[in-house]
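So the structure is just underneath, and the comments pick up after that.
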Protein chains: 2
Amino acid sequence: MTRAFRSFSTLVRSLALTALLALGTHAYAQADPLPSWNDGATKKAIIEFVETTTTQGSPQFVPQGERVATFDQDGTLWVEHPIYSQVMYCLDRVPALVKAKPELAKVKPFKTVLSGNREAIARLPEAELIKILAATMTGMPVDQFQSEVKQWLAEAKDPRWKRPYTELTYLPMQEVLKYLRANGYKTYIVTGGGQDFVRVYAEQIYGIPPEQVVGSAGGTKYGYAKDGKPFLTKEPKLLLNDNNAGKPEGIHMMIGRRPYAAFGNSTGDRQMLEYTKGGDGARLSMIVLHDDAKREYAYGPAVGLPSTNVGTFTQALYDEATKSGWVVISMKNDWKRIFAFE
Amino acid sequence: MTRAFRSFSTLVRSLALTALLALGTHAYAQADPLPSWNDGATKKAIIEFVETTTTQGSPQFVPQGERVATFDQDGTLWVEHPIYSQVMYCLDRVPALVKAKPELAKVKPFKTVLSGNREAIARLPEAELIKILAATMTGMPVDQFQSEVKQWLAEAKDPRWKRPYTELTYLPMQEVLKYLRANGYKTYIVTGGGQDFVRVYAEQIYGIPPEQVVGSAGGTKYGYAKDGKPFLTKEPKLLLNDNNAGKPEGIHMMIGRRPYAAFGNSTGDRQMLEYTKGGDGARLSMIVLHDDAKREYAYGPAVGLPSTNVGTFTQALYDEATKSGWVVISMKNDWKRIFAFE
């Protein structure tokens, strides 16, 4: 009976394996992993990269643990115009801040924000904006900050589409995230935005857990509440400025491996794309070009338009992309559909 | 025929599931996950914690993505006496350093190390030791540092057991790592040691990939090689001092979640253990007491011995452990076997 059980068990296991393998192959052969992408060289580059690096026996095969893909967020995974949603958050927090500290009502950047004068707010110099960011993003316990961001995200709406910011993610990029993960890649966000800010929603929106969000990060201070329980307070001290050269530095610090694929959309992503493409074997560096004024936005010298402070894509960056074999993603030509709500 | 195929396929899938579930349950019910631990309250605390937090329907159930466990390294996962192996590495690198920069041969801490006078080396003040650490761990490309550490690990031997340092890991703790992972926990090292140093071997020894090693971390500098390829150079600039309050701060920065379980062995782990235990629900904070002079080492006021600079376990820490419900692991009483090579 033992022997009978054993051979039955062997049979079941072998059937199980066959069935699972068959199901896997079947699903893979059938479905287009990138249905929101138009067929063409860009889509092909993504699929070829994944097949080359994940097919056993391929000369450029990458073992599963080393499969790292990094994504800029603003302008790469979701809309960044007319201004980063994190800046909108900080501006929206000013009234509550002034309520708690009434003396700020008469002080300049806060006074300007309270006036509601959009043009004056848009003209605020960087140093004044930084004062607003520091005042609204530091000084509170980490948990309190997280609840405040969560609440804002549930209520705030983008001025153009009148939808929550969290709906303004690009469907084609969501497909790339899922396609890479389905093929054993670990996907990371590597953003110039605040790490604590993006971590609040990255899991829900992108399926990326907090520990896979690398961003500009401030220090925290350890202390004890009245009941003796320890907690962390956000400090106005920048530990990592995750922009430009800060991106590869942040990747080294937080991930410790050079990515095999990286996605960006502006000069702030240049070094991350260079660093990725500079590794051995097959590497994919892609850069999103905002050239679709009708369905989203068009901006930057690369499309013959003036440079903006938000998401600069210069002609020099375009030239480097071409010269270095990065793939430029044209929103207008490569994306069949931009948003899930379309 | 299609219908016949479909029902065959359904049958196979259901057999597959049954077989896999049966195999899983079988393995679980049979094997002791912690065979190197003596039966008793300590071992029971670990098993009860895992069952409470991972059994569906348990009031203290923790969803899989939130299952984070953090481990100090030196003195918690492997031997730290007579001195941290990373310090041994730095001392061993001095001859090569002086060969490259002969002017250092006459300068004090390097001269002392070259003399080979063990007592004089042991008496070097912290400021001088830091000079040696900075000189041997920074200034080189990240890749070069990694190869140098790898080579050293392959050759260097611990003075007492005459074995590679990588064999001096505690078998009972290796079992805890595996047991937690088998139950959906993500295991992290959170060490005061150098992040880049520990990352070289953590995957091979502990099954912990680089991105799950949090340690004291220096900055890096982005630059280009002669062939135009970008690389990072290790800079003598401390970004994260991952000791004491720096441990919860590092955990927040690198993981972004409060751990459910934490393991340490000295005052440098105090805040991490407090922070972990201070969370809601079931939390496990454990601290290893080195009380086994025969099989390993015994040190610190908690066992009535003088305090050492390496792995201080004071009476005050012992009292806090008792008061706060941390579990003290006695190497002598709780561990049946300490090393795999025994």
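Each chain gets a letter, A, B and so on, in the order the sequences are listed, and its residues count up from 1.
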### Query
So, are A:Lys229 and B:Glu274 salt-bridged, with charged N and O less than 4.0 Å apart?
no

## Note on the structure
The interface call for B:Asp196 against chain A, heavy-atom contacts under 4.5 Å, is side chain

### Task
Could you go through the side-chain contact (heavy atoms from CB on, under 4.5 Å) check for A:Lys247 and B:Tyr222 one step at a time?
CA-CA 10 Å; A:Lys247 289 211 174 192; B:Tyr222 185 79; over 6 Å; no

### Message
Strictly below 4.0 Å, N to O, side chains only: are A:Arg257 and A:Glu66 in salt-bridge contact?
### Response
no

### Query
Between A:Glu320 and A:Arg270, is the closest basic N to carboxylate O distance under 4.0 Å?
yes

### Summary
Heaviest contributor of heavy-atom pairs below 4.5 Å to chain A, chosen from B:Gly279, B:Gly65, B:Pro210, B:Gly256, is B:Pro210

### Task
Using non-hydrogen atoms and a 4.5 Å limit, figure out which bit of B:Val142 sits close to chain A: side chain, backbone, both or neither.
side chain

### B:Arg258 to B:Tyr275, cation-pi by 6.0 Å centre distance and 45° axis angle
yes

### Query
chain A heavy atoms under 4.5 Å from B:Gln195: which part of the residue, side chain, backbone, both or neither?
side chain

### Heavy-atom contact with chain A under 4.5 Å, split by part of B:Lys277
neither

### Task
Quick one: sort the B:Tyr89 and B:Trp152 rings into parallel, tilted or perpendicular, breaks at 30° and 60°.
perpendicular

## Note on the structure
Within residues 198-209 of chain B, contacts to chain A at heavy-atom distances under 4.5 Å involve B:Arg199, B:Glu203, B:Pro209

